[in-house]
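Quick notes on the structure that follows.
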Amino acid sequence: MPDYDYDLFVIGVGSGGVRAARMSAQYGARVATAEDRYMGGTCVNVGCIPKKLFVYAAHFAEEYHHAEGFGWGPAAPAFDWQVLLKNKNKEIKRLNGIYQGLLDQAGVTHFDGRARIVDPHHVSVNEQLVSTGKILIATGSWPSVPDFPGCEHVITSNEAFFLQTLPKRSLVVGGGYIGVEFAGIFKGLGVDSHLSYRGSLFLRNFDQDVRQAVRDELHKKGVQLHFNSLVEKIKKHGDDDLIVHFADGSQMETDLVLYATGRHPSVNDIGLENVDVACRSNGAIIVDDEFRTSESSIFALGDVIDKIQLTPVAIAEAMVFASTQFNDEPRLMDYDGIATAVFCQPNIGTVGLTQAQAEESYEEIEVFRSTFRPMKHTLSGSDEKSLMKIIVDKATDKIVGVHMVGSEAGEIIQGIAIAYKAGVTKAIFDSTIGIHPTAAEEFVTMLKPVS
Ligand code: NDP
């Protein structure tokens, strides 16, 4: 066995990279990591964490308003973007330190610099050549912006977290996770918020009822939705104004255009040309069940393999990788029943199949659906509605999909996801006593299927 400097060299210290490095080190491997951007990757710095903080900030706007129905107020709150930014940056700095601490405690050597693969067992970082038994590519993904006239005037979620000033008017392009989340954040913070989506209804891979419910709720909250809307070009007018020209000939004047049109695997400038690592046409690294690439000493996981771009998935993949490679306990990643939430307002929480997918997969399904006004809004004055939906395989009574749009949907669906993984049946839902009065009890009291 050749004597390498390290057993494992991890490129990228995002969610997947840090977990893989820590676990591998705990199993006894000698591990090094390298990163030339920020500790904790997208999730901590320009993704899940600051986004959720912004969602909380945005939500207060309506909370102040809702409180009046309960006897508070009238409140006249003033929002200060600089305070939010400063506090958010402080929290992210704290988390960066925690991630660094986790690596240090695990005995991982961290290189602050860009690592490039030189050959299957060598990486260069900070002009140093390091030898390693295995290399793990955990470089994540980067926002994709299509090339069109004026695309240089747009920003992505990366920049949205550091805006010097909050715009008065915004246009978000894209109808996926980031698009609906940011359209809601801007609206909540008082921005005249527009969302443009190229198709007839956004959130393409979600259940149809969920998509419609989110459309209706965002519309009620005042987010201006533009469907079948294609940006053709963007021109700058004066110092600040942007004029967006759409394919149908219409125009919009705005202060900020945020493109949320997907993310591509980050594979540039990491030395892939020096090794035999096969990639898909979008750059995603192809791996087998062990996360091994076509170069046997090189592995990849997380967003860079473009399987499911979610932080907890990258973390789970990292645990499988470390256990298989360094703990002599081969494991396989289970991609079934991965619950997910979209933090638009109200939230989406979902696990399992959509109704359309279930119809394809099972001979006969039953659908249970409830749309209701949450109790809180009987006094708040809000006309926000919640949606809950359960999809059942009629032959086995097994629940194959659960969906929610409503306050704290992410929190509620997390619990239901555990039952889903355990193979829960509708009969078990029905035999569960609800917690009263909660919104979640609705999930165990839906007795009659819709036609
Ligand atoms: P998504 O893939 O979720 O959505 C991309 C959107 O952009 C789709 O509506 C797509 O339309 C549209 N689009 C793609 N290309 C173009 C184009 N050339 N012109 C116009 N529209 C286009 O990507 P996001 O950027 O929103 O998020 C990236 C990923 O990050 C998500 O898929 C998710 O996995 C992850 N994420 C998770 C979050 C969470 O867990 N809460 C939060 C944020 C991100 P169409 O549907 O027609 O293809």
Side-chain angles (χ1 to χ4, degrees), residues 44-68 72-92 143 153-197 202 214-226 240-242 244 252-260 341-348 376-377 380-384 405-410:
V44 168
N45 295 276
V46 286
C48 325
I49 303 294
K51 180 275 307 292
K52 189 86 189 273
L53 295 175
F54 280 11
V55 168
Y56 285 129
H59 199 56
F60 280 115
E62 57 180 21
E63 287 286 282
Y64 274 114
H65 189 59
H66 291 163
E68 287 180 31
W72 291 95
F79 174 68
D80 188 334
W81 173 249
Q82 299 305 333
V83 171
L84 174 63
L85 269 198
K86 191 176 99 207
N87 290 343
K88 183 270 291 179
N89 290 341
K90 199 169 138 203
E91 171 58 9
I92 301 308
H153 300 309
V154 314
I155 66 160
T156 69
S157 50
N158 281 353
E159 296 76 44
F161 290 109
F162 301 97
L163 293 174
Q164 292 293 310
T165 52
L166 187 66
K168 287 197 168 52
R169 304 162 296 181
S170 66
L171 171 68
V172 175
V173 179
Y177 282 78
I178 298 177
V180 295
E181 289 180 342
F182 264 99
I185 288 169
F186 284 136
K187 181 65 206 169
L189 297 181
V191 177
D192 177 18
S193 170
H194 293 249
L195 182 146
S196 157
Y197 174 58
F202 53 17
V214 173
R215 174 198 61 198
D216 296 347
E217 295 307 320
L218 291 191
H219 175 72
K220 278 191 239 166
K221 287 187 196 299
V223 176
Q224 304 200 43
L225 302 171
H226 306 267
D240 299 317
D241 290 348
L242 297 173
V244 184
M252 182 190 298
E253 201 177 303
T254 188
D255 305 314
L256 176 134
V257 180
L258 189 161
Y259 260 68
V342 185
F343 295 99
C344 48
Q345 295 172 54
N347 302 173
I348 302 171
K376 179 178 170 190
H377 296 317
S380 77
S382 166
D383 59 355
E384 183 179 302
V405 177
S407 178
E408 307 298 355

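In this chain, residues are counted from 1 in sequence order.
Rounding to the nearest 0.5 Å gives a distance of 8.5 Å between CG of Leu225 and OG of Ser193. How far CE of Met252 is from CG of Leu171: 5.0 Å, rounded to the nearest 0.5 Å. One distance of note links CG of Leu84 with OH of Tyr56; it measures 13.5 Å at 0.5 Å rounding. Atom-to-atom distance recorded for Leu256:CG and Asp240:CG is 11.0 Å, nearest 0.5 angstrom.
In the displayed structure, Gln82 atom CD is contacted under 6.0 Å by more than 12 heavy atoms of other residues, nucleotides or ligands. Residue Phe79 places its CZ atom among more than 12 non-hydrogen atoms of other residues, nucleotides or ligands, all under 6.0 Å distant. Surrounding NE2 of His65 are at most 12 heavy atoms belonging to other residues, nucleotides or ligands under 6.0 Å away.
Taking 4.5 Å as the limit, some side-chain heavy atom of Phe162 sits within range of a side-chain heavy atom of Lys88. Counting heavy atoms from C-beta outward, Val257 and His153 have side chains that stay 4.5 Å or more apart. The shortest distance between side-chain heavy atoms of Ile185 and Val55 falls below 4.5 Å. At a threshold of 4.5 Å between non-hydrogen side-chain atoms, the residues Ile155 and Leu163 count as touching.
Residue pairs that meet the salt bridge (Lys or Arg N to Asp or Glu O under 4.0 Å) test with at least one member in residues 161-176, sequence neighbours left out, are Arg169-Asp241, Arg169-Glu253, Arg169-Asp255. Sorted by first and then second residue, the salt bridge (Lys or Arg N to Asp or Glu O under 4.0 Å) pairs involving residues 177-195 (not counting sequence neighbours) are Lys51-Glu181.
The two residues Ser157 and Pro143 make their nearest non-hydrogen contact at OG-CG, 4.2 Å. Across all non-hydrogen atoms, the minimal contact from Pro346 to Ser407 is CB-N, 3.9 Å. When all heavy atoms are compared, the tightest approach of Leu195 to Ala183 is CD1-CB, 3.8 Å. Across Asn347 and Ala409, no two heavy atoms sit closer than the pair O-CB, 3.5 Å.
When the options His66, Lys221, Gln345, Lys376 are evaluated for a side chain to side chain donor-acceptor pair (under 3.5 Å) with Glu384, the one that passes is Lys221. Applying ring pair (Phe, Tyr, Trp, His ring centres under 6.0 Å) to Phe54 and the options Trp81, Phe343, Phe186 leaves one that passes, Trp81.
Between the side chain of Ser196 and the backbone N or O of Val173, no donor-acceptor pair lies under 3.5 Å.
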side-chain contact (heavy atoms from CB on, under 4.5 Å) between Leu258 and Ser170: does it pass, once the steps are laid out?
CA-CA 8 Å; Leu258 189 161; Ser170 66; over 6 Å; no

CA sep, side-chain torsions, deciding dist, call: Ile92, Val44, side-chain contact (heavy atoms from CB on, under 4.5 Å)
CA-CA 7 Å; Ile92 301 308; Val44 168; 4.2 Å; yes

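Glu217 has a carboxylate O that lies under 4.0 Å from a charged side-chain N of Lys220, or vice versa, which qualifies the two as a salt bridge.
Ring-plane geometry between Phe202 and Tyr197 is classed as tilted, the angle between the planes lying from 30 to 60 degrees on a 0 to 90 degree scale.
Taking the ring-ring contact (aromatic ring centres under 6.0 Å, His included) definition, one finds that His194 meets it with His226, sequence neighbours left out.
A distance below 6.0 Å separates the ring centres of Phe182 and Phe161.
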